[in-house]
Number of protein chains: 2
Amino acid sequence: MRTISPPVGLPALNETDLVGQVARRLTEAIVQGRLPPGSKVVEAGIARELGVSRAPVREAARLLEQQGLLVANPRRGFFVRQFAADDIDEIYDLRLCVERHAAVLAARHLTPETRDMLRRQIEVLHETADLDDPARQVEEDYRFHRLICEIAGNRRMLRLFDDLASELRMVIGLIGRLYDDPHEIARTHEPVLAAIEAGHPERIVAHVDYHIGHAWREVGRLVREIAPWPVAAK
Amino acid sequence: MRTISPPVGLPALNETDLVGQVARRLTEAIVQGRLPPGSKVVEAGIARELGVSRAPVREAARLLEQQGLLVANPRRGFFVRQFAADDIDEIYDLRLCVERHAAVLAARHLTPETRDMLRRQIEVLHETADLDDPARQVEEDYRFHRLICEIAGNRRMLRLFDDLASELRMVIGLIGRLYDDPHEIARTHEPVLAAIEAGHPERIVAHVDYHIGHAWREVGRLVREIAPWPVAAK
DNA sequence: TAATCGCCGATTGTCGACAGTTTAGACTTG
DNA sequence: CAAGTCTAAACTGTCGACAATCGGCGATTA
């Protein structure tokens, strides 16, 4: 656990400066679908709307490009990323590969404190399932998985998870509705935690496979159902 | 049906514009050790040296920050990333996790053409081992592993590999010398390819584990040998 | 009528400038 | 002599401007 941040360490999201704020606003607009996939992001427009100059907007856009939310076309500008069905497969394929490993590592590093955090998060998931707030539900879901990556203790793995999650957030935000039964999703987290507490690598992998595979199929189904994607004008 | 360039797809490396060129020059300077770890990257200095303004330099720096080569300190500037021994462990831990999976996928997607590319690359590795050119050797080594990720067919996985590789290139470039016996490294690639050709997942994983684990121990040893890292002045 | 060419507005890529902050060094003080 | 303080230079964050380029629309032509 670190407290200071000298010139060493992984990129630490600057929430203070303009670039960070612009990036957050842009991300919001994208995952909420206000900037639909395929739509052009006009630098001057965003800048005017946010009351800043184009420089911070450009830098923020490059950030989102690296995150996979925007696509840059030289001399043509930034466009909101469009997802195809096979993007979902790529993301979940990678997620599965990484989270399997993360869960095994998390089991190895598990302490009473971190175990309780995971348990509490599952409770939160159940409570949220009653709220009928899909965005919140997705957020709490990711918080559980992110916790596992944090406990695993590999900062680069955590960053990878965050990047994949931001892409998924966008897709799921665009789908507009969650998987059919939020309670079932909440329930499928339990055996994962149980396996981690038990500490049997094979069982951990099996349950992570089942849980993420479930989400994979579910999201894949919804995406294919909606495809061809609601492409934005202009 | 028009054929205009689609705003769809993964970020497509702009080698044409200034930002891309500045990023490449900066990367070169870093992996070659001309900009030592911990040293400050003064925007105006780089800009003057390359004959451009600060804007493209800033954007390039943000790119390298996302790649993990630079660290940004708000209001204080960019610094060349400093690696600790546990960074090596993080990188190889993630690499192992991803390349295991990539190799299994590659086996599944292997065609006669891609198989020959892998074989040829191993030949190149042996030829390069005689040249006593560490940088070149490292490059050809990565090219083999990158090929596997390419054949696997997951673009995000390939990008992850590239990011990890750029960090490793920097570390290895700073170490200055390669693992003890370049020929042995070249040889340890052979069973990996053999396993992929055979197509047995367990054997693939075992050989990838052995090969990457070997590099992990070797690089880890060298890094710990050199630590505390030669920190740059200013 | 359909396809091509050329022009015009819109947008990006890049630049130089300015204000606020940080850093380094000289100077003071206990 | 060490520690703290103050001042000036250096640097970052942000801005507005300008040239080059792109996309669309109408005119021209076969």
Side-chain angles (χ1 to χ4, degrees), chain A residues 4-8 11-26 29 35 38-66 70-81 231-234, chain B residues 1-9 11-26 29 35 38-66 70-81 231-234:
Chain A
I4 56 168
S5 66
V8 190
L13 260 271
N14 315 327
E15 292 289 14
T16 67
D17 61 344
L18 276 193
V19 175
Q21 291 183 21
V22 173
R24 264 199 328 146
R25 297 290 294 272
L26 269 179
L35 282 175
S39 60
K40 192 171 186 329
V41 177
V42 180
E43 299 171 6
I46 305 293
R48 203 172 37 247
E49 191 167 345
L50 297 181
V52 299
S53 81
R54 276 175 53 215
V57 174
R58 277 181 70 88
E59 297 191 16
R62 288 233 185 258
L63 244 136
L64 297 207
E65 184 198 359
Q66 288 283 317
L70 293 182
V71 175
N73 278 45
R75 300 257 161 219
R76 213 162 292 179
F78 292 92
F79 296 82
V80 178
R81 177 70 183 283
V231 171
K234 182 80 188 277
Chain B
M1 177 72 67
R2 288 167 300 166
T3 54
I4 57 165
S5 76
V8 190
L13 261 267
N14 319 326
E15 291 289 11
T16 66
D17 61 344
L18 276 193
V19 175
Q21 290 183 21
V22 173
R24 264 199 328 147
R25 297 290 294 270
L26 269 179
L35 282 175
S39 60
K40 191 173 188 326
V41 176
V42 180
E43 299 170 7
I46 305 293
R48 202 173 37 248
E49 191 167 345
L50 298 181
V52 299
S53 81
R54 277 176 52 216
V57 174
R58 277 180 70 87
E59 296 191 15
R62 288 235 187 260
L63 244 134
L64 297 207
E65 185 199 358
Q66 288 283 317
L70 294 181
V71 176
N73 277 46
R75 300 253 159 222
R76 211 160 292 179
F78 292 92
F79 296 82
V80 178
R81 177 72 183 285
V231 172
K234 184 82 188 281

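In what follows, chains are A, B, ... by sequence order, proteins preceding strands, each numbered from 1. Just so it is clear, the structure is predicted and the values come from calculations on it, not from any experiment.
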Could you list the donor-acceptor pairs under 3.5 angstrom formed by side chains in residues 49-57 of chain B, with sequence neighbours left out?
{"from": "B:S53", "atom 1": "OG", "to": "B:A55", "atom 2": "N", "distance (Å)": "3.4"}
{"from": "B:R54", "atom 1": "NE", "to": "B:E43", "atom 2": "OE1", "distance (Å)": "3.0"}
{"from": "B:R54", "atom 1": "NH2", "to": "B:E43", "atom 2": "OE1", "distance (Å)": "3.0"}

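Bending across the helix from C:dT1-D:dA30 to C:dG30-D:dC1, expressed as the angle between its end axes from five pairs apiece, amounts to 10° (10° rounding).
Considering CG of A:L18 and CD of A:E59, their distance stands at 10.0 Å, rounded to 0.5 Å. Interatomic distance, B:L35 CG to B:F78 CZ, rounded to the nearest 0.5 Å: 13.5 Å.
Look at CD on B:Q21: it is 14 Å from P on C:dG13, rounded to the nearest Å.
Residues passing the side-chain contact (heavy atoms from CB on, under 4.5 Å) test with B:L63, sequence neighbours excluded: A:R62, A:Q66, B:V19.
The two residues B:V80 and B:L70 make their nearest non-hydrogen contact at CA-CD2, 3.8 Å. Closest heavy-atom contact between B:F79 and B:G38: CD2-O, 3.6 Å.
Using a 4.0 Å heavy-atom cutoff across all strands shown, B:V41 reaches sugar-phosphate atoms only and no base atom.
DNA chain C is contacted by no residue of residues 43-50 of chain B, taking any non-hydrogen atom closer than 4.0 Å.
Residue A:R76 has a polar side-chain atom (N or O) positioned under 4.0 Å from OP1 or OP2 of D:dG23. Contact annotation: A:R58 side-chain N/O to C:dG13 OP1/OP2 distance is under 4.0 Å. Distances shown here put every side-chain N or O of B:K40 at or beyond 4.0 Å from the OP1 or OP2 atom of D:dA10.
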Check: protein-nucleotides 15-20 of chain D nitrogen or oxygen pairs below 3.5 Å:
{"from": "D:dC15", "atom 1": "OP2", "to": "A:S53", "atom 2": "N", "distance (Å)": "2.6"}
{"from": "D:dC15", "atom 1": "OP2", "to": "A:S53", "atom 2": "OG", "distance (Å)": "2.9"}

